[in-house]
Amino acid sequence: MPTSAATPAAVPAAADGRPEEVVLRVEGLTLRYGSVTALNDVGFTVRAGETVALVGPNGAGKTSLFNCVSAFSRPTSGTLRFRDLDLTRSSRHAVPRAGIGRTFQNLSLFPGATVLENALVGRHSLMRSGMVANLAWWRGSRREDVAHREAVCEVLDLLGLLDLWDVEVGGLPYGTRKRVELARALAMEPTLLLMDEPVAGMNPAETAELTAIVKDLGRRRGLSVLVVEHDMAMVMEVADQITVLDFGQVIAQGTPAAIRDDQRVRDAYLGNSVERSTPAAPAAAETTGEA
Ligand SMILES: Nc1ncnc2c1ncn2[C@@H]1O[C@H](COP(=O)(O)OP(=O)(O)OP(=O)(O)O)[C@@H](O)[C@H]1O
Ligand SMILES: [Mg+2]
């Protein structure tokens, strides 16, 4: 499995009770597309082993933020650091190599390839042997190939996809294809996983299954996760912290309980959806504007 420990060791906590170690730091991030300001002075952190959810209405800037973190878009201004790496200056190829995996809002799989082949694409950034090496050092490459397949099979097993390893992805149900996309992202052994609307389009059973998987990745395996999702029941279940965006700006940050009770968030985004979809939570903590 890509994330090593089944039970992470206790991590030092900061004064706010969150883990001390910052994995992703976003400060003063602004992104403009011509006259459109997709992100305006956005700041928040993802700490080691935390699951942070990014929520907000359509067009709020969530995918734009993922594109900045993945170095698909260059921010207009601001700071974006993944551990010691300055993401505002990184190439998009450096991002997976540094340990950031991503699933996309619109699936980006090879429909004519099998589940195993699609997941193996995720290993690309970890592969030492290229085409030339394959020709010249085929024995070594074959050993490497076997190791990659074994690692991918572990991921497929975790996601309940192992029985489908040789099935073409194009014919699979939508929810299963979304899990294949997650398998590809996990196959690269990320330490930070970005998930853009992982349960969108899934039926309730598939949603429950994926919610349990995301909780397992964060709580038990210690992966840091940044998840964008409109399904607030899912968000409330998996998130340690929530950042709410509206028109490219952060309007609230805090624990799920605090966000649920924040009037500005209710007005801008939640309405009554949380009451309908989640059980009662303990008394709310303060929301904080601090990242
Ligand atoms: N490549 C682009 N060129 C111009 N404008 C863009 C581009 N990408 C996004 N935008 C604009 O930036 C804003 C933020 O879009 P973004 O896709 O980040 O929103 P989102 O929060 O992910 O929305 P959704 O929940 O619908 O996925 C929107 O006004 C969108 O139209
Ligand atoms: Mg989006």
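All values below were derived from every heavy atom in this structure, side-chain atoms included, with hydrogens, water molecules and symmetry-related copies excluded. Counting starts at 1 for both ligands and their atoms, following the listed order. Numbers for residues simply follow the sequence, beginning at 1.
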**Study point:** Atoms in ligand 1 with a heavy atom of E197 nearer than 4.0 Å
**Key:** 25 (O), 27 (O)

Practice item. Just jot down the ligand 1 atoms closer than 4.0 angstrom to any heavy atom of N58, in number order. Key: 23 (O), 24 (P), 25 (O), 26 (O)

Practice item. Evaluate the 4.0 Å heavy atom contact test for atom 30 (C) of ligand 1: does a protein atom fall under the cut-off? Key: no

Check your understanding: Is it true that G61 lies under 4.0 Å from ligand 1, counting heavy atoms only?
Key -> yes

Check your understanding: More than 12 heavy atoms of other residues, nucleotides or ligands under 6.0 Å from CG of N106: is that the case?
Key -> no

Practice item. Give the residue, atom name and distance (to 0.1 Å) of the protein heavy atom nearest atom 17 (O) of ligand 1. Key: T63 CB, 3.9 Å

Check your understanding: Do N118 side-chain atoms and F110 backbone N/O form a donor-acceptor pair below 3.5 Å?
Key -> yes

Point to revise | Short N-O contact, K178 and E181, less than 4.0 angstrom | key: no

Study note, to complete from the structure: Numbered in order shown, the ligand 1 atoms found under 4.0 Å of a heavy atom of Q105 are 27 (O)

Review point. Could an N or O of ligand 1 be found under 3.5 Å from any N or O of A38, whether backbone or side chain?
Key: no

Exercise for review: Examine distances only and state if a side-chain atom of R83 and a backbone atom of L24 form a donor-acceptor pair shorter than 3.5 Å.
Suggested key: no

Exercise for review: Determine how many protein N/O/S atoms sit closer than 2.8 Å to the Mg ion (ligand 2), leaving waters out since they are not shown.
Suggested key: 2

Check your understanding: Looking only at protein heavy atoms, which one is nearest to atom 15 (O) of ligand 1, and how far off is it?
Key -> S64 OG, 3.8 Å

Practice item. Check whether the side chains of R32 and T30 place a donor and an acceptor atom closer than 3.5 Å, and report yes or no. Key: no

Revision key, fill the gap. Going by chain and number, the hydrophobic cluster around F104 (ILVMFWY, side chain to side chain under 4.5 Å) further includes F72

Review point. Just which atoms of ligand 1 are under 4.0 Å from any heavy atom in H230?
Key: 25 (O)

Check your understanding: Going through the distances and angles, do T243 and Q253 end up as a side-chain hydrogen bond (donor to acceptor under 3.5 Å, both in side chains)?
Key -> CA-CA 4 Å; T243 292; Q253 299 194 52; 3.2 Å; yes

Point to revise | Residue from R47, R219, R18 passing salt bridge (charged side-chain N to carboxylate O under 4.0 Å, His left out) with D240 | key: R219

Review point. Quick one: do D196 and K62 make a salt bridge, cutoff under 4.0 Å?
Key: no

**Study point:** N or O pair under 3.5 Å between V36 and ligand 1
**Key:** no

Revision key, fill the gap. Atom 21 (O) of ligand 1 sits nearest the protein heavy atom K62 NZ, 2.7 Å

Check your understanding: Any idea which protein heavy atom is nearest atom 14 (C) of ligand 1, and the distance to it?
Key -> G59 O, 3.4 Å

Check your understanding: Can you name the one residue among V69, V26, T191 that meets side chain to side chain contact (heavy atoms under 4.5 Å, CB included) with F82?
Key -> T191

Point to revise | Heavy atom of the protein closest to atom 9 (C) of ligand 1 (residue, atom name, distance) | key: Y33 CE1, 3.5 Å

Exercise for review: Would you check, one step at a time, whether the test side-chain hydrogen bond (donor to acceptor under 3.5 Å, both in side chains) holds for R102 with N67?
Suggested key: CA-CA 10 Å; R102 175 179 183 175; N67 286 341; 2.9 Å; yes

Exercise for review: Would you check if there is a donor-acceptor pair between the side chains of E237 and T211 at a distance under 3.5 Å?
Suggested key: no

